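Since the structure is predicted, the reported quantities are computational estimates derived from the model, not experimental observations.
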Amino acid sequence: MPDKTTRFSCKGKPVYHFLWTSTFSEYTVVPTDAVAKIDDRAPLDKACLFGCGFPTGYGAAVNTAKVEPGSTCAIFGLGAIGLSTIIGCKLSGALKIIAIDINSNKFENAMMFGATECINPKDYNKPIEKVITEMTGHGVHYSFECIGSTEVMKAALECTHMGYGISVIIGGAPPNENIHFDPYLLFTGRTWKGSIFGGWKSKECVPRLVADYMSNKFDIDGLVSHTLPLDRINDGFQLLQSGESIRTILIL
C-alpha cells in the first residue's frame, strides 16, 4: 500500500498488493486513489479493459502523440495495447495506419480495428525501419512501440519523418536494458516521447472513457479474445505468453 503496509497474508506471512489493486484476488483492499466511480450500466467484463490496456494505447495516440487528421502512423506490436493505439489513430483521422508484427495471425484483428496495411518484418531482408521509410517516401508522421523491445524502440524512431516525426514508447523494456542510437536522429527534428497509461489522469479520466464506450464512440469488444474461470488463470497467462490471446477475461 502507499504507506508500505499490506492487508494480505498467507500462512502467517505478508503478501503485498500488486500496483495497489491485486485484482486477481477475490477480495481486495485498495487506497482511495485506486478507485474510480464508473457508469453502473457498464458491463464489468468490458469495463475491466479500462484498467490499463485500452487507455494506454488509445491515449498514446490521442494524448501523447496528438495524432492529426490525414497523417501516417506505424504501430509496432499488435497485442491489446497496439490494437488500442490503432483505434486512437483511426479516431484521430490518420489516413494511413501501418501495423507491424512478426505474427501474421494478428493482422486480421489489426485491419478490423482500422489498420490500412500490415507488414511482417520476417518477410523482408532489410531492417523494418527502411521498409517503412521506403513505403512512405520519407517516413511516418507518428510511430508507436507497443512491445517493450529496445531494438524496436530504436527502429520506431528511425522510421519517423525527419524534421517533425514523433515516436512514442509505450512498451516497458526489461530492467537494466539501454538504448543505443544515433543522436543525429533527434538533432534532425524528430521527437521521442514516453507514454504511461496513455497520459490519462486515471481517477477522473477512466469514468469519461467508460462513458465514451457506453455512447459507442469506440468499440473495444474485439479486444477480448478469451474468457476463463478464475481457477484457470495460469491458462490465461499461457495464452498471453504464446501470443494466442489479445486479452483474457477471468470470471468467478
Side-chain angles (χ1 to χ4, degrees), residues 4 16-20 51-67 71-86 88-89 97-103 106 110 118-136 138-202 237 240-243 246:
K4 310 301 181 185
Y16 293 98
H17 300 241
F18 179 71
L19 295 178
W20 295 358
C52 179
F54 174 74
T56 298
Y58 177 68
V62 302
N63 293 332
T64 309
K66 293 181 170 58
V67 171
S71 58
T72 300
C73 302
I75 291 87
F76 292 79
L78 301 178
I81 290 176
L83 295 176
S84 300
T85 305
I86 291 174
C89 291
I97 302 174
I98 305 169
I100 304 106
D101 202 291
I102 60 173
N103 183 353
K106 296 184 178 183
C118 299
I119 56 176
N120 187 331
K122 291 183 175 180
D123 294 337
Y124 301 88
N125 57 6
K126 64 179 69 173
I128 192 62
E129 60 270 21
K130 290 187 177 181
V131 173
I132 295 171
T133 300
E134 291 173 2
M135 287 175 60
T136 56
H138 299 285
V140 298
H141 301 108
Y142 307 94
S143 70
F144 303 86
E145 198 280 346
C146 309
I147 301 168
S149 163
T150 54
E151 287 302 309
V152 178
M153 291 172 187
K154 187 160 69 80
L157 175 66
E158 291 174 349
C159 79
T160 57
H161 199 295
M162 183 174 64
Y164 52 79
I166 296 174
S167 185
V168 181
I169 295 173
I170 310 173
N176 303 318
E177 286 215 8
N178 297 310
I179 304 176
H180 301 280
F181 72 102
D182 183 353
Y184 193 75
L185 290 165
L186 299 181
F187 174 75
T188 49
R190 297 173 180 85
T191 300
W192 217 351
K193 294 186 172 185
S195 183
I196 186 167
F197 198 59
W200 303 105
K201 294 181 178 179
S202 56
F237 279 115
L240 182 66
Q241 190 172 28
S242 68
I246 304 173

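Every residue meeting the side chain to side chain contact (heavy atoms under 4.5 Å, CB included) condition with Glu158, not counting sequence neighbours, appears here in chain and number order: Glu129, Lys154, Leu185. A search for ring pair (Phe, Tyr, Trp, His ring centres under 6.0 Å) contacts involving Phe181 returns Trp192, not counting sequence neighbours. Partners of Tyr184 by side chain to side chain contact (heavy atoms under 4.5 Å, CB included), not counting sequence neighbours, listed by chain and number: Asp182, Phe187, Thr188.
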>> If you apply the rule side-chain contact (heavy atoms from CB on, under 4.5 Å), what do you find for Ile98 with Ile75, and how did you get there?
In response: CA-CA 6 Å; Ile98 305 169; Ile75 291 87; over 6 Å; no
> Run the side-chain contact (heavy atoms from CB on, under 4.5 Å) check on Glu145 and Val168 step by step: do they pass?
Replying inline: CA-CA 6 Å; Glu145 198 280 346; Val168 181; over 6 Å; no
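At a threshold of 4.5 Å between non-hydrogen side-chain atoms, the residues Asn120 and Ile102 count as touching. Two residues are said to be in side-chain contact when any heavy atoms from C-beta on lie closer than 4.5 Å; Ile100 and Pro121 meet this criterion.
For His161 (side chain) and Val140 (main-chain N/O), no donor-acceptor pair under 3.5 Å exists by modelled atom type. Side chain of Glu134 to main chain of Thr136: no donor-acceptor pair is present (N/O by atom type, distance under 3.5 Å, no hydrogens or angles). The backbone N or O of Thr160 lies less than 3.5 Å from a partner atom in the side chain of Arg190, making a donor-acceptor pair.
Annotation for Val67 and Cys73: closest pair CG1-SG, 3.9 Å, computed over non-hydrogen atoms. Summarising the geometry of Leu78 relative to Leu83, their closest heavy-atom pair is O-CG, 3.8 Å, with the distance given to 0.1 Å. Residue Ile147 comes nearest to Gly77 through the heavy atom pair CG1-CA, 3.7 Å, listed as atom of the first residue, atom of the second, then distance. Among all heavy-atom pairs drawn from Lys66 and Tyr142, the shortest one is O-OH, 3.4 Å. Taking both residues in full, the closest heavy atoms of Gly51 and Phe197 are given as O-CE1, 3.4 Å, listed atom of the first, atom of the second, then distance.
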